[in-house]
Amino acid sequence: MTARIIDGKALADDLFAQVASVAQRLEAAHGFKPGLAVVLVGNNPASEIYVRSKSTRTLAAGMHSSMHALPAEISQAELLDLVRALNADCSVHGILVQLPLPPQIDPHKVIAAIDPAKDVDGFHPVNVGNLAIGLPALVPCTPLGCIRLARTVHASLAGLDALVIGRSNIVGKPLAQLLLGENATVTVAHSRTRDLPGLSRRHDLVFAATGRPEMVKRDWIRPGATVIDVGINRMAGDGGKSRIVGDVAFAEVKEVAGAITPVPGGVGPMTIACLMANTLKAACAIAGLPAPEV
Ligand code: NAP
C-alpha cells in the first residue's frame with residue numbers, strides 16, 4: 001500500500017482564501033480590518049523566518065499587520081509594557097509573541113499579560129482552561145491544523161484510537177484536548193512511554209510531535225493508519241545545504257500508512273493558515289460579531 005499524501009499546502013491555501021474573503025466582507029460591512037501584532041525579541045534566524053512569513057500572509061489576507069522587533073537585551077518590564085500597549089490598541093485583534101524568548105524573560109509572565117481575547121496563539125491560561133473544559137477558546141494553531149488535516153481523511157474522528165507522541169503545552173497537550181473534543185479515544189506518549197512502537201501500532205491515528213528527526217518508523221504504523229507529522233527538524237543535506245525532515249521517516253512510513261502528511265508541506269502551512277483564522281475569529285468576537293465560518 002502507498003499512502004495518500006495529505007496536501008497541507010493546498011488545504012492551507014484553501015483556508016487562507018476563505019479567511020481573506022471573510023476579512024474583505026468584514027471591512028466592507030463594518031469598516032475595520034482584523035489586525036495581527038507580532039512581537040519578535042532578538043534575532044533567532046528561525047524565528048525571523050516564521051515572523052516574516054506570518055506578517056506577509058496577514059497582509060496578503062487583507063488584514064492589518066504590525067511587527068515589533070525588539071533587541072535581545074530588552075527587559076521583561078519593557079516587553080510587558082509593549083504587550084499592555086497592544087492590549088489597549090483597538091486596531092490590534094491578535095497578539096503573538098514569538099517563542100523562544102531570551103533567558104531574562106519569563107515566557108509564562110508574558111503570555112499571562114496578553115489579553116485572552118487577543119491571544120491568537122491560544123497559550124494564555126484562560127484559553128488553555130476553556131479548551132480543557134470545552135468552552136469556546138482561542139486554540140493553538142498547530143493542533144488546530146492537525147485536526148483539520150486529519151478530518152480530510154476521516155469525516156469524523158469519533159471512536160478512533162488516536163496517539164499523540166509528545167506532551168508539550170504548544171502541541172501535544174492541546175492536540176489531545178481537541179481530539180477528546182472530537183470524541184476520539186486518546187493516548188498521549190512521551191519520552192518515558194514504554195514500548196512506543198508497539199503502542200503506536202495499535203492506533204488508527206498517529207500524531208508525531210517530538211522534535212526527533214524521523215523517529216517514527218514503518219513498523220510503528222498499523223497498515224492503513226493516518227499519520228500526521230508535526231516535526232520540523234533541520235538536517236545537514238548534500239553540498240552543505242540543509243534540508244527539513246519531520247518526526248516521521250516519511251519514505252518508509254508512506255509504504256504502510258493509509259494517509260500521511262509530508263514535511264515540508266503538511267502541518268507547517270496549515271499552522272499559519274490557522275493563525276489567520278484565529279485572528280479573524282478574535283476580531284469578530286472583539287467586535288461583538290458572530291464567529292466566522294472558516
Ligand atoms: P517539545 O516542547 O520539545 O516537546 C517534545 C515532546 O516530545 C516532549 O513531550 C517529549 O517528552 C517528547 N519526546 C521527546 N523525545 C521522545 C522520544 N524519544 N519518545 C517519545 N517522546 C519523546 O517540542 P514541541 O514544541 O512540541 O515540538 C515538537 C516538534 O514539532 C518539533 O519538531 C517542532 O519543531 C515541531 N513544531 C512544528 C510546528 C509547525 O507549525 N509545524 C509548530 C510547533 C512545533 P517529555 O515531555 O517526556 O520530555
Side-chain angles (χ1 to χ4, degrees), residues 6-9 11-13 15-16 38 44-54 56-58 96-101 107-108 111 120-123 128 139-150 162-179 186-203 206-217 219-221 227-235 242-250 253 260-279:
I6 304 169
D7 188 346
K9 165 100 177 46
L11 293 160
D13 284 348
L15 174 57
F16 183 76
V38 178
N44 176 320
S47 294
E48 280 174 355
I49 293 170
Y50 292 143
V51 161
R52 239 195 332 269
S53 94
K54 285 167 185 170
T56 310
R57 294 300 267 173
T58 309
L96 182 154
V97 179
Q98 185 68 43
L99 301 176
L101 291 167
H108 298 292
I111 290 165
V120 284
D121 256 342
F123 297 160
V128 174
V139 175
C141 305
T142 300
L144 268 183
C146 290
I147 296 290
R148 280 183 178 265
L149 293 166
L163 176 67
V164 179
I165 313 177
R167 56 174 165 181
S168 70
N169 292 335
I170 293 174
V171 185
K173 285 179 193 159
L175 178 54
Q177 296 289 357
L178 284 174
L179 286 163
V186 186
T187 304
V188 181
H190 46 77
S191 64
R192 310 287 181 89
T193 298
R194 284 179 294 172
D195 186 22
L196 192 42
L199 180 70
S200 176
R201 273 195 301 275
R202 295 198 289 276
H203 286 79
V206 176
F207 298 84
T210 62
R212 300 278 178 260
E214 301 185 325
M215 186 181 96
V216 176
K217 306 292 188 208
D219 66 347
W220 293 34
I221 299 302
V227 180
I228 307 289
D229 188 352
V230 181
I232 302 179
N233 307 290
R234 195 172 290 276
M235 309 285 285
S242 68
R243 66 190 178 99
I244 305 285
V245 301
D247 293 347
V248 175
F250 180 81
V253 170
I260 185 169
T261 56
V263 176
V267 175
M270 205 55 176
T271 294
I272 296 195
C274 287
L275 173 66
M276 303 296 110
N278 269 0
T279 304

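Numbering of ligands and ligand atoms starts at 1, following listing order.
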Open item on the list: I'd like to know whether ligand 1 has Met270 as a neighbour, heavy-atom separation below 4.0 Å.
Closed with: no
Task: Side-chain heavy atoms of Leu96 within contact of Tyr50, under 4.5 Å - done: no
TODO: Answer with yes or no whether Ala189 contacts ligand 1, where contact means a heavy atom under 4.0 Å from a ligand atom.
DONE: no
TODO: Tell me which one of Gly145, Pro140, Ser168, Gly166 gets a heavy atom nearest to atom 24 (P) of ligand 1.
DONE: Ser168
Open item on the list: Would Arg192 count as being in polar contact with ligand 1, using the rule that some N or O on each side must be under 3.5 angstrom apart?
Closed with: no
Task: Non-hydrogen side-chain atoms of Cys274 and Leu15 separated by less than 4.5 Å - done: yes
Open item on the list: Students should be able to answer this: which protein heavy-atom is nearest to atom 42 (C) of ligand 1, and at what distance?
Closed with: Thr142 OG1, 3.2 Å
TODO: May I ask you to list the atoms of ligand 1 that are less than 4.0 angstrom from any heavy atom of Leu196?
DONE: 19 (N), 20 (C)
- [ ] Quick one: look up the protein heavy atom nearest atom 40 (O) of ligand 1 and list residue, atom name and how far away it is.
- [x] Thr271 OG1, 3.0 Å
Task: Close side-chain approach of Ile170 and Pro140, heavy atoms under 4.5 Å - done: no
Task: Within reach of ligand 1, part of Thr210 (heavy-atom separation under 4.0 Å) - done: both
Open item on the list: Using a 4.0 Å cutoff against the non-hydrogen atoms of Gly268, which atoms of ligand 1 qualify?
Closed with: 41 (N)
Task: Minimum heavy-atom distance Val206-Ser200, with the two atoms named - done: CG2-OG, 3.7 Å
Open item on the list: For atom 18 (N) of ligand 1, what's the nearest protein heavy-atom neighbour? Residue, atom name and distance, please.
Closed with: Met215 SD, 3.5 Å
- [ ] For Val171, counting its heavy atoms only, list the atoms of ligand 1 lying under 4.0 Å from any of them.
- [x] 26 (O), 43 (C), 44 (C)
Task: Which atom of Gly166 lies closest to which atom of Val188, heavy atoms considered - done: O-CG1, 3.7 Å
TODO: Would you name the heavy atoms of Lys54 and Thr58 that are closest together and state the gap between them?
DONE: O-OG1, 2.6 Å
Task: Heavy atom of Thr193, distance to ligand 1 below 4.0 Å - done: no
TODO: Could you pull out, from His190, Arg212, Arg167, the option with a heavy atom nearest to atom 8 (C) of ligand 1?
DONE: Arg167
Open item on the list: Checking Asp247 against Ile165 for the side-chain contact (heavy atoms from CB on, under 4.5 Å) test, could you report, in this order, the C-alpha distance in whole Å, the side-chain angles of both residues, the deciding distance, and whether it holds?
Closed with: CA-CA 10 Å; Asp247 293 347; Ile165 313 177; over 6 Å; no
TODO: Using a strict 4.0 Å cut-off to heavy atoms of Asn233, name the atoms of ligand 1 that fall inside it.
DONE: 32 (O)
TODO: Heavy-atom contacts with Val267 under 4.0 Å: which atoms of ligand 1 show up? List them by number with element.
DONE: 41 (N)
Open item on the list: Below a 4.0 angstrom heavy-atom separation, can you tell me which part of Ile232, side chain or backbone, both or neither, approaches ligand 1?
Closed with: both
TODO: Heavy atoms only: give me the nearest Leu99-Pro107 pair and the separation to one decimal.
DONE: CD2-CB, 4.2 Å
Task: Per-atom contact, atom 45 (P) of ligand 1, protein heavy atoms, under 4.0 angstrom - done: yes
TODO: If you have a sec, work out which protein heavy atom is nearest atom 37 (C) of ligand 1 and how many Å separate them, to one decimal?
DONE: Val230 O, 3.1 Å
Task: Residue list, side chain to side chain donor-acceptor pair (under 3.5 Å) with Lys9, at least two apart or on another chain - done: Asp13
- [ ] Report the member of Ala208, Ser200, Ser191 with the shortest heavy-atom distance to atom 48 (O) of ligand 1.
- [x] Ser191
Open item on the list: For atom 29 (C) of ligand 1, what's the nearest protein heavy-atom neighbour? Residue, atom name and distance, please.
Closed with: Gly211 N, 3.5 Å
TODO: Evaluate the side-chain proximity of Leu179 to Ile147: yes if any heavy-atom separation is below 4.5 Å, no if none is.
DONE: yes
Task: Under 3.5 Å: donor-acceptor pair, side chain of Thr261, backbone of Asp229 - done: yes
Open item on the list: Using every non-hydrogen atom in the two residues, find where Pro213 and Asn233 come nearest and quote the distance to one decimal.
Closed with: CA-ND2, 3.6 Å
